[in-house]
Amino acid sequence: MVKTTVKIEGMMCENCEKHMNEAFEKSFDIKEVNSSHDNSESVIISESALDEEKIREVVADTGYTFKGVSSEEYKKKGLFGIFR
């Protein structure tokens with residue numbers, strides 16, 4: 001699994017977060033997405049790496065400004081994650 005952090009400028013409220021989450025869910029096959037206007041980012045969990053150019057397009061199409069992206073291996077945490 002991969003954790004992708006997308007830095008986004010322009011989200012101002014919870015509705016902006018919801019709008020960004022819906023755009024990512026519609027555009028990619030992902031497990032989870034959480035956007036934060038306070039942190040100016042969206043964190044996406046997926047089975048495989050996401051295409052950076054498509055991420056740029058999704059952010060631009062929503063009217064926000066793409067500021068960067070980083071990816072890292074994601075390991076599930078929590079009670080059931082320790083038994084793996």
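Heavy-atom basis, side chains included; hydrogens, waters and symmetry copies ignored. Each residue takes its place number in the sequence, starting with 1.
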In one Ile/Leu/Val/Met/Phe/Trp/Tyr side-chain cluster, 4.5 Å: F24, V2: no
Give a yes or no on whether I55 and Y74 share a hydrophobic cluster (residues Ile, Leu, Val, Met, Phe, Trp, Tyr; joining criterion: side-chain heavy atoms under 4.5 Å apart). no
Please answer: with hydrophobic residues joined when any side-chain heavy atoms are less than 4.5 Å apart, are I45 and M20 in the same cluster? no
Walk me through whether M11 and S35 qualify under side chain to side chain contact (heavy atoms under 4.5 Å, CB included). CA-CA 9 Å; M11 292 189 294; S35 297; 4.2 Å; yes
Are V69 and I44 connected in the hydrophobic side-chain network, where two residues link if heavy atoms are under 4.5 Å apart? yes
For the residue pair E32 and N34, confirm or rule out a side-chain donor-acceptor distance under 3.5 Å. yes
S71: which of L50, V6, T4 passes side chain to side chain contact (heavy atoms under 4.5 Å, CB included): T4
Which residue pairs pass the side-chain hydrogen bond (donor to acceptor under 3.5 Å, both in side chains) test when at least one of the two sits in residues 55-70, sequence neighbours left out? E52-R56
As an exercise, state the distance from SG of C13 to NE2 of H19, rounded to the nearest 0.5 Å. 11.0 Å
What is the distance from atom CE of M1 to atom OG of S46, rounded to the nearest 0.5 Å? 8.0 Å
Could you report the tightest heavy-atom contact between K54 and S27, atom names first, then the distance? NZ-O, 2.7 Å
Within the distance-only criterion (no hydrogens, no angle test), does the side chain of E17 pair as donor or acceptor with the backbone N or O of H37 below 3.5 angstrom? yes
side-chain hydrogen bond (donor to acceptor under 3.5 Å, both in side chains) partners of K7, counting only residues at least two apart: E41
How about CD on E25, more than 12 heavy atoms from neighbouring residues, nucleotides or ligands closer than 6.0 Å, or not? yes
Mind checking whether V43 and V59 sit in one hydrophobic cluster, side chains of I, L, V, M, F, W, Y counted as touching below 4.5 Å? no
Would you indicate whether D29, at its atom CG, is surrounded by more than 12 heavy atoms from other residues, nucleotides or ligands within a distance under 6.0 Å? no
Kindly indicate, with the supporting measurements, whether the criterion side chain to side chain contact (heavy atoms under 4.5 Å, CB included) is fulfilled by E73 and K3. CA-CA 6 Å; E73 183 181 350; K3 175 183 172 183; over 6 Å; no
